[in-house]
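Chain letters run A, B, ... following the sequence lines, proteins first and then strands; every chain starts at 1.
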Amino acid sequence: MSERGWVQRELAEEFPELALHTHTLDARPGASPPELRERLRVLSSRFRGMHAIALRRNPIPRAYRVFFRQIGLDPDTHRTPIEQAAVKRLLDGEFASQNLLDDGLLIALVETGVPVWALDAAKVEGPLGVRVGVAEHREGSPGRLPAGRILVADAERPLASLFGELAPGRGVQDHTSRMTLFAVQVAGVPQIHVDEALWQVISALGAA
Amino acid sequence: MDRVVAPDERSARRALRTQIARLERDLGEAFISAFPRVELDVSIPASGGPRLLSIGELEHVRDALVERLAEARARLDERGLVEEKNRELLERMLLEPGRYRYVRIKRSDLGEEGCGEWHVKPRLGLIGMLAGWWHVKLSSGCPLAGGPRASAVPPQLHTEGGQALA
């Protein structure tokens, strides 16, 4: 179902299990349908405080925590996506519905522990991959990304800092009609979970 | 141009990453064991964003995790000692409540989940107090009873006189 992106050789030798999985589909952003909002309500009721604490024992959240340590991130400050969602759930009292795309991404994350991001496919040139950046300008934002930063990029330019923000203007906008989804697989995350995460988002987008 | 990494360095980096993975797992288990009895600081300050770490940086992460894990285990051991002593005191209270008049031990200070506390009280109020009839009651407790400061109260190790140690 998904395509496998490229990983720069230096990174692939360092992290043999690191992989980027992508899928492009026709989909438009919009309001979340009732069935998706209901799924979020059910997930909210199943996910309590002790679940958030015990996430560290779960193999997949733990795998991302380990990877964060190995690439110089402190997962207790720069939280992994699933832990960030857990904290937000505790603070907000629920998994709050936002819109079709964000709800689909959130459901996939909570159900599988695997984070998925979405880009405007019209702004992606060539296959996506992961590489180490040189000091380069990121369109739409002042300054330059420091050299050595691990990036998600297409053939032309960086699109996001790994596990960070998308480059301005590259994410899904109101006029987007085609989306490119990508998920980052690290050591300890089974392929089936990555496939399931992508499928969850595709399914949610198709539910509208 | 891709950086060339010598085989020796590559195996050293792999070993360090394996150690980091194991330490993160152990630290996570300690964190879960501690909650909510003990608050642990498991963060390791980092800066510079996601990048390939040098061997020195990997060693720094590994060493910091070792330190955090040692601290966590020491704090858990201390806490365990306090809880064990309080459990011994509770046994003595149950055997001879009259010797521990008005002594209270919270369930949390025994390592038990939930609210409530064990409390030595006189049977039948004033009559029991005058007659020397004492018993131990387990109250259900109320999460609001202590007010917003309740969570800030540190765990107590109680002496036989019912006085709490700092």
Residues B:Arg13 and A:Glu13 bridged, charged N to O under 4.0 Å: no
What is the minimum heavy-atom distance between B:Leu52 and A:Glu14, and which atoms define it? CD2-CG, 3.4 Å
Taking everything shown except B:Asp77 itself, do over 12 heavy atoms lie less than 6.0 Å from its CG? yes
Using every non-hydrogen atom in the two residues, find where B:Pro50 and A:Ser161 come nearest and quote the distance to one decimal. CG-OG, 3.5 Å
A:Arg62 and B:Glu29 have their tightest heavy-atom pair at NH2-OE2, 3.3 Å
Turns out that what part of B:Leu65 lies under 4.5 Å from chain A's heavy atoms comes down to side chain
Is there a side-chain contact (heavy atoms from CB on, under 4.5 Å) between A:Phe68 and B:Glu24 once you walk through the steps? CA-CA 10 Å; A:Phe68 269 44; B:Glu24 172 60 40; over 6 Å; no
Can you tell me which portion of B:Arg62 sits under 4.5 Å from chain A's heavy atoms? Options are side chain, backbone, both or neither. neither
Quick one, A:Arg56 with B:Val42, criterion side-chain contact (heavy atoms from CB on, under 4.5 Å). Give me CA distance, side-chain angles, the key distance, then yes/no. CA-CA 12 Å; A:Arg56 296 172 190 230; B:Val42 297; 3.5 Å; yes
A:Glu3 CD: over 12 foreign heavy atoms closer than 6.0 Å: no
Heavy-atom pair with the smallest gap, counting every atom of A:Asp74 and B:Ser43: OD2-CB, 3.3 Å
Which heavy atom of A:Arg69 sits nearest a heavy atom of B:Ile20, and at what distance? CB-CG2, 3.7 Å
Which atoms of B:Ile44 are under 4.5 Å from chain A, going by heavy atoms: the side chain, the backbone, both sets, or neither? both
For the NE2 atom on B:His60, are there more than 12 heavy atoms of other groups (residues, nucleotides or ligands in this structure) within a distance under 6.0 Å? no
Structural part of B:Pro36 lying under 4.5 Å from a heavy atom of chain A: neither
Rounding to 0.5 Å, atoms CG (A:Leu151) and CZ (B:Arg51) come to a distance of 13.0 Å
Tell me whether A:Leu91 at atom CG has more than 12 heavy atoms from other residues, nucleotides or ligands lying less than 6.0 Å away. yes
B:Leu95 CG: over 12 foreign heavy atoms closer than 6.0 Å: yes
If you count heavy-atom pairs within less than 4.5 Å of chain B, which of A:Ile53, A:Leu55, A:Val66 leads? A:Ile53
